[in-house]
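Working notes for the structure below.
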Amino acid sequence: MSANPRTLAPFTALLAREQYTTCRIVLPDEPKPLPAIRVGERYYSFFRVVPQARQALTLVTKLCYNNNCVVIAKVAKGYSLWVEEPDAFPHSFSKLIDYKPEPAFSRILVANEQFQTCSLDVPDLDKSIPGIEYQQNYYSIFRKEPDADAVIQIVAQLSERNDESVLLASQRFWTICIAEPEALASLTLV
């Protein structure tokens with residue numbers, strides 16, 4: 001899997017049905033309307049339902065690294081995945097009044113070369129905290145989590161609070177990092 005940061009699209013996780021609106025969309029190259037969801041001002045076509053969170057995160061990683069913005073939604077049968085359709089328009093305009101604000105997005109990083117570890121000074125804390133620098137932004141290291149269900153739950157909660165996050169993927173766990181827009185790097189960790 002390529003770790004090119006230029007093609008790394010974001011994703012978001014949604015836990016509540018109230019966070020999105022179901023609809024049908026029309027695409028320039030599709031003869032029939034497609035099932036979709038609307039999140040903020042963006043439309044996402046249905047991709048797949050997977051029963052397990054680990055499968056969902058694996059697919060999201062692949063889709064994001066192929067430059068597809070993705071939404072994970074918790075459903076009765078597991079997790080549904082939706083892929084952004086930037087050229088879509090609604091099949092019916094009746095649901096346009098049902099606006100839901102767009103949540104914050106996250107990214108999954110799979111290669112250590114994509115980020116740099118550092119120590120962060122955050123205005124509301126007395127001590128420096130561990131963090132990472134990714135694309136000239138700082139993120140505090142919140143937690144290492146082996147359970148994929150918990151990872152999606154945490155990312156969804158952060159997203160709902162409008163906190164951008166980054167997941168660092170490894171074989172055994174994900175490290176959840178939260179954006180710290182007011183942080184300054186104090187020194188590089190070895």
Side-chain angles (χ1 to χ4, degrees), residues 1-110 134-135 137 145 147-167 169 174 176 178-179:
M1 179 178 325
S2 169
N4 183 351
R6 292 173 201 236
T7 60
L8 178 57
F11 78 97
T12 194
L14 307 175
L15 296 177
R17 171 66 185 81
E18 297 77 32
Q19 292 178 284
Y20 58 91
T21 303
T22 58
C23 61
R24 290 196 167 280
I25 57 171
V26 177
L27 296 173
D29 56 347
E30 288 290 327
K32 294 182 180 178
L34 300 173
I37 60 173
R38 179 176 169 220
V39 180
E41 294 297 323
R42 299 179 190 207
Y43 293 97
Y44 299 82
S45 64
F46 177 72
F47 179 72
R48 185 178 298 166
V49 172
V50 294
Q52 297 177 351
R54 186 169 288 281
Q55 291 173 296
L57 287 172
T58 298
L59 280 172
V60 166
T61 302
K62 288 177 183 177
L63 289 165
C64 288
Y65 277 87
N66 283 316
N67 206 26
N68 292 292
C69 185
V70 181
V71 168
I72 304 172
K74 180 76 173 131
V75 295
K77 293 184 179 184
Y79 297 90
S80 62
L81 303 179
W82 304 81
V83 177
E84 184 182 15
E85 299 290 355
D87 298 329
F89 59 92
H91 181 251
S92 166
F93 288 90
S94 64
K95 293 205 175 197
L96 286 180
I97 58 171
D98 207 10
Y99 178 78
K100 311 276 190 285
E102 187 169 275
F105 283 88
S106 302
R107 289 191 163 61
I108 299 176
L109 306 181
V110 296
Y134 169 66
Q135 293 188 337
N137 294 306
E145 181 59 59
D147 180 28
D149 286 302
V151 169
I152 292 174
Q153 175 89 22
I154 292 166
V155 168
Q157 290 170 347
L158 292 170
S159 178
E160 192 171 17
R161 287 186 357 203
N162 211 26
D163 285 329
E164 182 186 328
S165 61
V166 168
L167 296 180
W174 291 270
I176 302 164
I178 303 172

| Under the ring pair (Phe, Tyr, Trp, His ring centres under 6.0 Å) test, which residues partner F47, sequence neighbours left out? | none
| said: I'd like to know if the side chain of R17 reaches the main chain of Y20, judged simply by a donor and an acceptor atom lying under 3.5 Å from each other, with no hydrogens or angles considered. | reply: yes
| request: Taking S159 for its side chain and A104 for its backbone only, find out whether a donor-acceptor pair lies under 3.5 Å. | output: yes
| query | What are the two closest heavy atoms between E41 and R38, and how far apart are they? | reply | OE2-NH2, 3.3 Å
| field | Pairs touching residues 74-89 that satisfy salt bridge (Lys or Arg N to Asp or Glu O under 4.0 Å), sequence neighbours left out | value | R42-E84
| field | Point-to-point distance, once rounded to the nearest 0.5 Å, from CG of N68 to OG of S45 | value | 9.0 Å
Using distance only, find each side-chain donor-acceptor pair of residues 26-33 under 3.5 Å and give its atom names and separation, not counting sequence neighbours.
none

| query | Residues two or more places apart in sequence or in another chain: which of them pass side-chain contact (heavy atoms from CB on, under 4.5 Å) with Q153? | reply | L15, Q157
| For A56, what residues pass the side-chain contact (heavy atoms from CB on, under 4.5 Å) criterion, not counting sequence neighbours? | V50, Y79, L81, I152
| task | Check whether any side-chain heavy atom of R24 sits under 4.5 Å from a side-chain heavy atom of P90, and report yes or no. | result | no
| task | Examine distances only and state if a side-chain atom of Y65 and a backbone atom of V110 form a donor-acceptor pair shorter than 3.5 Å. | result | yes
| Is there a side-chain contact between V70 and C64, using heavy atoms and a 4.5 Å cut-off? | yes
| task | Kindly compute the distance separating CZ (F11) from CZ (R107), expressed to the nearest 0.5 Å. | result | 10.0 Å
| query | Mind checking what makes ring pair (Phe, Tyr, Trp, His ring centres under 6.0 Å) contact with W174, not counting sequence neighbours? | reply | none
| task | Might you point out which heavy atoms bring A9 and C69 nearest each other, and give the distance in Å? | result | CB-N, 3.7 Å
| How are the rings of F46 and W82 set to each other: parallel, tilted or perpendicular (split at 30° and 60°)? | perpendicular
| field | Residue pair L59 / I72, side-chain heavy-atom distance below 4.5 Å | value | no
| said: To check you understand the geometry: which heavy-atom pair defines the closest contact between I37 and C23, and what is its length? | reply: C-SG, 4.2 Å
| request: Enumerate the residue pairs fulfilling salt bridge (Lys or Arg N to Asp or Glu O under 4.0 Å) with a member in residues 155-166, sequence neighbours excluded, ordered by first and then second residue. | output: R161-D163
| query | Just wondering, do L167 and I176 contact through their side chains at under 4.5 Å, heavy atoms? | reply | yes
| said: Tell me if a side-chain donor or acceptor on S80 pairs with a main-chain N or O of V49 at a distance below 3.5 Å. | reply: no
| request: Heavy atoms only: give me the nearest L8-I108 pair and the separation to one decimal. | output: CD1-O, 3.6 Å
